Amino acid sequence: MKISIDSLKDSNEFLNTLLDNITSAIFVTDKDIRIQSFNDSFRSLFYKDEDKLLGELCGNAIGCIYTVREKANCGSTSNCNNCTLRSSLLSAFLEKVPTHRSILKREFQIKDRIIQKYFQFSTRNITFNHEDMVMVIVDDVTEIHEQKKTLDEKNQKLEIINKQKNELIGIAAHDLRNPLSVINSFSEIMLEALEDLKTENLREMLQILKKTSHFTLQLLNDLLDFSKIESGTLELKKVKLNYIDFLKANILQNEFFAVQKNMKITLEASVSEIPLVFDPRRIEQVMNNLLSNAIKYSFPGNKIKVKVTFKNDSIATSIEDSGQGIPEKDLPYIFQPFRQVSVKPTDNEKSTGLGLAIVKKILDFHEGKIMVESKPGEGSTFTFYLPLY
Ligand SMILES: Nc1ncnc2c1ncn2[C@@H]1O[C@H](COP(=O)(O)OP(=O)(O)OP(=O)(O)O)[C@@H](O)[C@H]1O
Ligand SMILES: [Mg+2]
């Protein structure tokens, strides 16, 4: 036997069974927003007896927190103008506009407990005993909502971790490039000229190889620490050193790259000794990045000057080049990670756009800062400040 759904709808038994077994809470209100009918699920959702629901104003019946806290009737609380359920019911009565799966987020007093709930509700206009009524179908989506919230939070955390991981890979590639290219070129030279090299030259080159590979290893450890910078847990290993000696050693190391582009790095300082407390490995990273930029973005023969001055309670170290300079419009972006601007390397050198981002973070950790002055065609001066005390 085939039964059409329309004929089932005419069956009172069918409708009653449906209403009392459906998991959605269903209720009907009159134009005064008083509850005139409801199903079993509605009663179990709000834990109310029939006599406390029938004829009651909707918000009072379901324990809307505003009616409870303000001891006011539904329709006269401070929130009634913002209530999505109330505005849906009003537009159903006044404009005959139904609502489809709207969300009501609210605290309710249910069984003497204040509970935050997320309801999804729809409204439909119906006529009952020749009177206009509105039927409301409510689903409690609190659990799904809470699960989604936890999932979103987890996803957000994963996204941050993933971004940090990608940054770290980029940084590793970036900062390992310099020492590895030294190791590579030295071993090549040694292999090519092995027969002609004297023991003394060999020893010198091996020493450079040893020193550079040691530095590479140290750097690798530093890079693993870099994730700690992001999470704010990086520990600086500060020591007291003569800052001028430190700079001299660093410049010597970077001259290896400068001479390949026929450049010279000079140091200008009014004193020969500045006792300073800082993390030499990190500030070495800062110097390497700034000097490699000065070399990379200048033309062969250009001069590079490292200048040290006292500025109030800080030591200012300027790396001054006479290269291409940076257009003003690009300046706000150069310290952002992975950001390369319109200025390109002059000898096809590699560029990942991470150097200055690393520099800035290391200086932040030293409670220092970095500034840049630049004029296209004239050159750039990057000045970083380290606190003296
Ligand atoms: N001394 C400089 N002269 C001209 N432009 C510069 C100078 N230093 C940095 N820039 C510009 O700022 C951008 C960002 O510099 P940053 O050091 O962060 O990255 P990079 O040099 O491109 O790559 P990486 O340092 O990661 O190898 C560079 O791409 C370049 O356009
Ligand atoms: Mg760089």
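Just so we're clear, the structure is a prediction, and the values are computed from it rather than from any experiment. These values consider heavy atoms only, across backbone and side chains, with no hydrogens, waters or symmetry-generated copies. Ligands are counted one by one from 1 in listed order, and the atoms in each one are counted from 1 as well.
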Would you kindly say whether T67 and N60 are connected by a side-chain donor-acceptor distance under 3.5 Å? no
Can you tell whether the side chains of E50 and R43 come within less than 4.0 Å, N to carboxylate O? yes
Return yes if a side-chain donor-acceptor contact under 3.5 Å exists between T346 and Q324, otherwise no. no
Please tell me whether N250 and N288 have a donor and an acceptor in their side chains that are separated by less than 3.5 angstrom. yes
Which bit of D330 is near ligand 1, meaning a heavy atom under 4.0 Å away: side chain, backbone, both or neither? neither
When you look for heavy atoms under 4.0 Å from ligand 1, do you find them on the side chain of F335, its backbone, both, or neither? neither
Below a 4.0 angstrom heavy-atom separation, can you tell me which part of R177, side chain or backbone, both or neither, approaches ligand 1? side chain
Those atoms of ligand 1 less than 4.0 Å from some heavy atom in K296: 20 (P), 21 (O), 23 (O), 24 (P), 25 (O), 27 (O)
Quick one: do K296 and E349 make a salt bridge, cutoff under 4.0 Å? no
Verify whether the ring centers belonging to F108 and Y47 lie closer than 6.0 Å. no
Atoms of ligand 1, numbered as shown, that sit under 4.0 Å from any heavy atom of I334: 12 (O), 14 (C), 18 (O)
Any side-chain heavy atom of P327 within less than 4.5 Å of one from D330? yes
Over-ring placement of K360 relative to F335, 6.0 Å and 45° cut-offs: no
With a cut-off of 2.8 Å, which protein N/O/S atoms are close to the Mg ion (ligand 2), if we only count those under it? N293 OD1
Short list, please: which atoms of ligand 1 are under 4.0 Å from a heavy atom of F382? 1 (N), 2 (C), 7 (C), 8 (N)
Qualifying residue, where the test is side chain to side chain contact (heavy atoms under 4.5 Å, CB included) with V28 and the options are V136, I126, I35: I126
Distance-only N or O hit between ligand 1 and I326, under 3.5 Å: no
